[in-house]
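Ligands are counted one by one from 1 in listed order, and the atoms in each one are counted from 1 as well. Only heavy atoms go into these numbers, but all of them, side chains included; no hydrogens, no water, no symmetry mates. Just so we're clear, the structure is a prediction, and the values are computed from it rather than from any experiment.
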Amino acid sequence: MPPRAKLATAMLRTAAALSRASGRGDGSVIGGKVGLTIEPKLLQLLAAGRRVALISGTNGKTTTTRFTAAALEAAGPVATNSFGANMPTGHTTALAKARDAVNCVLEVDEHYLPRLMAEATPQVIALLNLSRDQLDRAMEVSGLAAKWRDALAQHPDVPIIANADDPWVAWAASGSNNVTWFAGGQRWQEDSWICPQCRKHLDRFGDYWRCTSCGFTRPSPTWGVEGNAAVTPDGSRVPLDLRLPGQVNRANAVTALAVASAFGIAPQQAAPLLVNVKSIAGRYAVVRRNGRRLRLLLSKNPAGWLEAFDMLEPMCPVVLALNAREVDGYDTSWIYDVDFSPVRDRRVIAIGDRRMDLAVRLQVNDVKFEVARDITEAINVLPSGEVEVIANYTAFQDIRAEFDRVN
Ligand SMILES: [Zn+2]
């Protein structure tokens, strides 16, 4: 690397280490800021000559990145931003920290995918899904899909692994000449009732979808999930023994196997490594407190809450935690997009800064609930045994802090 890039990398590592030592998180963002200020092309320089996979989408990108990193470890050390610093500062730090790793897996914020495609020269890109998320400050789904499509059209030969079940992803990926489709599912369909191509009504039957006006149709996937197994392009079934719950995580695992396969690692070799992913910065972690066993689920938007409801153990009480601080988005109106009826048959406790907003929503949705100030108060009113906890971003961090930053 040129001398200035070397200096930038050294300063990045120092800044990140200082930030960690002062207890302000893992230092990825500040480190990256310092590095990119000294050498604006640092990300590009650090990515050069390495094999980079990019993972993007509204939901599941942190988990899929973790699964992919676990799978690629079959072929040596991996550079990855596994704790969710998913903007160029975080990517730069991830690449700077693991200089010896040839294989790199980067989780990418949806808005930054075009920039990463230009700067990190990826070997493969996985596109998971697009749905509404913090619309008070972020782009509409159609705008993001168009942004992706334009970026992919500028790099038409980069291999893409895309979710055939999401019409917006299928449309964005159709700008590329080199797509491998997987069946990732789409439980949340409220953003895809119209055709991305001609804006007429989309017909849907189960996973299948088709536009009756222009003929835009769900592509045929070659990767999929069948029960507890991944289905690979040659038709074989590879068992998935996962520690993470839910159908959506089986789909994330299959996506990771498809990415690993693009790196030359066979699914039979990669799949057993996915068992090493047990929790992700507290997500899916199990915490014991006063005779209660709490499982922590993070969900940040309507599609995510729907997936979390699917993971709940039957009849188990659930604590729902809602905040609306800067990184959550100040507008909580999105909770009216979520159908809470799946939790009607269990005990529900609302907590968090915006628990009263949640309470009104639950009342309107005809769900019986109680309100508690915080997780400790919620635990104290519940009997001993299993408790499920679903929280949005800062509410989740508050709960995690309450349990000494559980990982
Ligand atoms: Zn159409």
Side-chain angles (χ1 to χ4, degrees), residues 54-61 64 108-114 117 122 124-136 138-225 231 233 247-248 251-252 254-255 258 301-307 334 336-339:
L54 305 180
I55 315 265
S56 197
T58 306
N59 287 319
K61 52 189 180 290
T64 306
V108 183
D109 179 278
E110 304 86 276
H111 298 82
Y112 285 94
L113 188 62
M117 286 181 71
V124 60
I125 304 172
L127 306 177
L128 309 182
N129 50 64
L130 286 172
S131 68
R132 64 189 69 179
D133 187 18
Q134 298 188 30
L135 289 183
D136 55 322
M139 260 178 152
E140 292 282 346
V141 172
S142 58
L144 261 180
K147 199 172 173 179
W148 278 14
R149 188 178 159 89
D150 290 348
L152 295 178
Q154 285 172 34
H155 307 270
D157 298 319
V158 176
I160 306 296
I161 293 166
N163 185 1
D165 292 333
D166 186 321
W168 285 111
V169 168
W171 180 70
S174 62
S176 161
N177 297 331
N178 191 350
V179 188
T180 301
W181 300 102
F182 68 95
Q186 193 193 38
R187 194 180 303 277
W188 169 266
Q189 301 186 340
E190 304 308 320
D191 289 307
S192 48
W193 288 106
I194 58 157
C195 172
Q197 191 155 275
C198 74
R199 311 289 157 118
K200 299 274 168 46
H201 181 73
L202 212 55
D203 275 355
R204 310 195 63 137
F205 319 93
D207 289 334
Y208 182 77
W209 52 262
R210 179 170 181 270
C211 172
T212 47
S213 179
C214 75
F216 187 55
T217 304
R218 176 184 185 253
S220 297
T222 52
W223 290 84
V225 183
V231 182
Q247 176 67 18
V248 72
N252 290 335
V254 167
T255 312
N301 49 44
W305 281 66
L306 217 54
E307 293 296 353
W334 60 269
Y336 287 82
D337 292 341
V338 179
D339 176 13

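- Residues passing the side chain to side chain donor-acceptor pair (under 3.5 Å) test with Gln154, sequence neighbours excluded: none.
- Taking the side-chain contact (heavy atoms from CB on, under 4.5 Å) definition, one finds that Ala151 meets it with Pro114, Met117, sequence neighbours left out.
- The side-chain contact (heavy atoms from CB on, under 4.5 Å) test applied to Gln247 returns Arg187, Val225, Arg250, Asp310, not counting sequence neighbours.
- Ion pairing between Glu190 and Arg132 fails under the 4.0 Å rule for side-chain N and carboxylate O.
- Distances shorter than 2.8 Å separate the Zn ion (ligand 1) from the protein N/O/S atoms Cys195 SG, Cys198 SG, Cys211 SG, Cys214 SG.
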side-chain hydrogen bond (donor to acceptor under 3.5 Å, both in side chains) evaluation trace for Arg149 with Ser176: CA-CA 8 Å; Arg149 188 178 159 89; Ser176 161; over 6 Å; no
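- Leu128 places none of its side-chain heavy atoms less than 4.5 Å from the side chain of Ser56.
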